[in-house]
There are 2 protein chains.
Amino acid sequence: MTTDQKKAEKKVDRRVKYSKMVIKNSFIKLLKEKPIAKITIKEICALADVNRTTFYAHYIDQYDLLHQIESDLVDDVKDYLANYNPNAFDSTTAEMLEKILEYIKANAVLVDLLLNANGDISFEQDIIMILARLELLPTVIGEDMDKEDARYAFLFFANGCIGVIKQWLKDGMKKPTQDTARLIYDLITKGQEKFFPR
Amino acid sequence: MTTDQKKAEKKVDRRVKYSKMVIKNSFIKLLKEKPIAKITIKEICALADVNRTTFYAHYIDQYDLLHQIESDLVDDVKDYLANYNPNAFDSTTAEMLEKILEYIKANAVLVDLLLNANGDISFEQDIIMILARLELLPTVIGEDMDKEDARYAFLFFANGCIGVIKQWLKDGMKKPTQDTARLIYDLITKGQEKFFPR
DNA sequence: TAGATAATCAACACCATGTACAATAAATGG
DNA sequence: CCATTTATTGTACATGGTGTTGATTATCTA
């Protein structure tokens with residue numbers, strides 16, 4: 001269930017729901033062809049068969065539209081992971097990672113588009129904040145360690161995850177989610193030792 | 001020595017050199033204030049006190065200009081690191097990391113701008129490619145390991161490095177370069193074990 | 001100094017933009 | 001089902017950046 005549908009459960013006018021939907025779909029279609037800077041509001045509306053005035057009723061510009069799409073996706077991920085709440089870094093972290101990868105796989109086209117091709121840096125930051133909020137990564141819990149180093153370590157792991165996921169998407173997600181999750185887990189816990197065991 | 005100056009050593013017309021310089025400086029100045037999408041060619045030229053026709057003689061648009069600036073920086077980093085050529089992952093890697101951090105510190109304003117605020121994803125990719133080309137990170141050398149996993153591991157470490165560096169820049173590079181290099185080195189080699197020694 | 005080359009200037013058509021307002025269509029709540 | 005509210009449409013308009021042209025001027029290099 002998407003965020004749009006959830007909001008719609010309240011009392012959003014069907015017309016608004018439809019307009020936003022066709023606008024988003026058209027925009028995403030265009031985003032597959034060219035960078036956002038080359039996409040005009042006029043052509044989004046033409047493709048969506050919607051009046052330009054309608055666009056301005058809901059969005060400021062293309063970038064606002066992009067951010068709303070990204071924001072919806074972020075909310076959706078949060079809902080998807082709402083059930084899981086590991087408060088420590090134990091064996092369930094690998095499962096959590098797998099869960100995330102499964103979600104990404106289910107929304108691969110969009111995520112790949114936003115993360116690899118035509119997204120922006122703020123989207124990556126949002127994803128990293130999700131990871132931070134989930135306390136999925138261990139480094140925030142350390143007590144006797146340097147606070148600053150812990151933050152750096154977290155960012156190292158989080159950005160590492162994103163990097164692997166981006167390539168995984170580019171590779172068409174050939175590698176099973178479970179294996180990929182395991183690989184990421186090992187990289188976090190053991191670093192290169194996994195590859196050069198002593 | 002910048003790439004521009006190097007090119008100039010051949011035989012680039014002084015006028016061209018000057019035009020490109022003022023255009024770049026003006027653009028960077030504007031980039032500190034607002035995102036690239038809001039920057040017009042007209043205002044770049046106004047600030048640079050250069051005719052708009054001159055801009056079009058050298059660049060296609062703002063994005064082309066940005067990419068040339070990033071590309072120059074990348075070339076500059078390559079030159080800077082040209083002397084160092086570690087072909088294996090040994091103790092000199094930490095020194096190499098420190099060398100890179102020192103370079104970044106010397107060009108902090110620009111790097112922070114391109115990496116944190118208003119750059120694009122391709123710039124990060126370029127940086128990662130530099131790391132790959134340097135064979136600074138170990139995972140490509142493994143023989144008995146899965147090729148695919150090695151690539152993922154490399155991307156994990158490379159993106160992790162970028163993540164730490166970005167935050168380090170945001171923090172105003174308070175932490176000494178040597179300590180930061182050491183931290184990154186430990187994260188690569190030992191993962192979270194550094195923080196949770198067994 | 002002479003020739004080559006770059007920058008300037010003015011002018012131009014073009015098109016996306018953002019806004020305004022009236023008219024129309026559709027949805028909601030009773 | 002009707003009356004009211006609300007969204008969308010259509011039109012029009014001023015604005016401003018764009019990209020290109022050709023001629024002129026300024027500057028560099030050899």
Side-chain angles (χ1 to χ4, degrees), chain A residues 2-31 33-69 72 118 120, chain B residues 2-31 33-69 72 118 120:
Chain A
T2 70
T3 304
D4 277 341
Q5 287 169 336
K6 251 183 35 190
K7 284 177 185 168
E9 281 177 2
K10 296 180 179 177
K11 41 181 176 179
V12 172
D13 197 305
R14 292 176 193 167
R15 292 168 293 183
V16 174
K17 203 169 40 159
Y18 172 80
S19 294
K20 286 193 170 187
M21 188 191 68
V22 288
I23 287 173
K24 284 178 183 172
N25 288 344
S26 300
F27 178 64
I28 290 171
K29 200 173 293 181
L30 290 169
L31 215 46
E33 300 169 6
K34 50 183 166 184
I36 187 171
K38 298 288 179 186
I39 299 176
T40 67
I41 296 172
K42 187 177 185 176
E43 83 184 315
I44 296 172
C45 296
L47 187 60
D49 191 31
V50 154
N51 196 281
R52 237 173 69 248
T53 315
T54 304
F55 181 95
Y56 287 112
H58 300 296
Y59 308 102
I60 297 171
D61 53 28
Q62 312 100 297
Y63 301 91
D64 180 43
L65 172 56
L66 174 65
H67 290 147
Q68 285 198 32
I69 290 173
D72 286 350
N118 285 311
D120 56 357
Chain B
T2 70
T3 303
D4 277 340
Q5 288 169 334
K6 248 183 34 188
K7 283 177 186 167
E9 281 176 1
K10 295 179 180 178
K11 42 182 174 179
V12 172
D13 197 306
R14 291 177 193 166
R15 292 169 293 183
V16 174
K17 204 170 38 157
Y18 173 79
S19 294
K20 286 193 171 187
M21 188 190 69
V22 288
I23 287 173
K24 283 178 184 174
N25 287 344
S26 301
F27 178 64
I28 290 171
K29 202 173 291 180
L30 290 169
L31 215 45
E33 299 170 6
K34 50 184 166 184
I36 187 171
K38 299 287 180 187
I39 299 176
T40 66
I41 296 172
K42 187 176 184 175
E43 84 184 313
I44 296 171
C45 296
L47 188 60
D49 190 33
V50 155
N51 197 280
R52 238 173 69 250
T53 316
T54 305
F55 180 96
Y56 287 112
H58 300 296
Y59 308 103
I60 297 170
D61 52 27
Q62 313 99 296
Y63 302 91
D64 181 43
L65 172 56
L66 174 66
H67 290 148
Q68 286 199 31
I69 290 173
D72 286 350
N118 284 313
D120 57 356

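A note on names: the letters A, B, ... follow the listed sequences, proteins ahead of strands, and every chain is numbered from 1.
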(message) Once you apply a heavy-atom cut-off of 4.0 Å, does A/R14 come out as touching a base, just sugar-phosphate, or nothing?
(response) sugar-phosphate
(request) Between C/dA6, C/dT17, C/dC9, spot the one nearest the side chain of B/V16, thanks. (result) C/dA6
(request) For B/K20 and C/dA7, give me the distance from atom NZ to atom C1', rounded to whole Å. (result) 15 Å
(request) Would you indicate which nucleotide in C/dA27, C/dA10, C/dG18 comes nearest to any side-chain atom of A/R52? (result) C/dG18
(request) Classify the nucleic acid contact of B/D13 as base, sugar-phosphate or nothing, counting any heavy atom under 4.0 Å across all strands shown. (result) sugar-phosphate
(message) Regarding B/T40, tell me which of base, sugar-phosphate or nothing describes its non-hydrogen contacts under 4.0 Å with the strands shown.
(response) sugar-phosphate
(message) From the set D/dT8, C/dT8, D/dT18, return the single nucleotide nearest to any side-chain atom of A/T54.
(response) D/dT8
(request) Specify the separation, in whole Å, of atom CG of B/N51 and atom C1' of D/dT18. (result) 14 Å
(message) Nearest heavy atom decides the nucleotide; on that basis, is B/A57 or A/Q62 closer to the 5' end of DNA chain C?
(response) B/A57
(request) Give, for atom NZ of A/K24 and atom CD of A/Q68, the distance between the pair rounded to the nearest 0.5 Å. (result) 6.0 Å
(message) Output the rounded distance in Å from CG (A/L65) to P (C/dG18).
(response) 13 Å
(message) Once hydrogens and angles are ignored, does a donor-acceptor distance under 3.5 Å link the base of D/dT27 to the side chain of B/R15?
(response) yes
(request) Output the distance between atom CD1 (B/I23) and atom NE2 (B/H58), rounded to the nearest 0.5 Å. (result) 6.0 Å
(request) Using the closest heavy atom to pick a nucleotide of DNA chain C for each, name whichever of B/Y18 or B/K38 lands nearer the 5' end. (result) B/Y18
(message) Side chain of A/S19, heavy atoms from C-beta onward: which of D/dT8, C/dT19, D/dT18 has the nearest atom to it?
(response) D/dT8
(message) Tell me the interatomic distance from B/K11, atom NZ, to D/dT29, atom P, rounded to whole angstroms.
(response) 11 Å
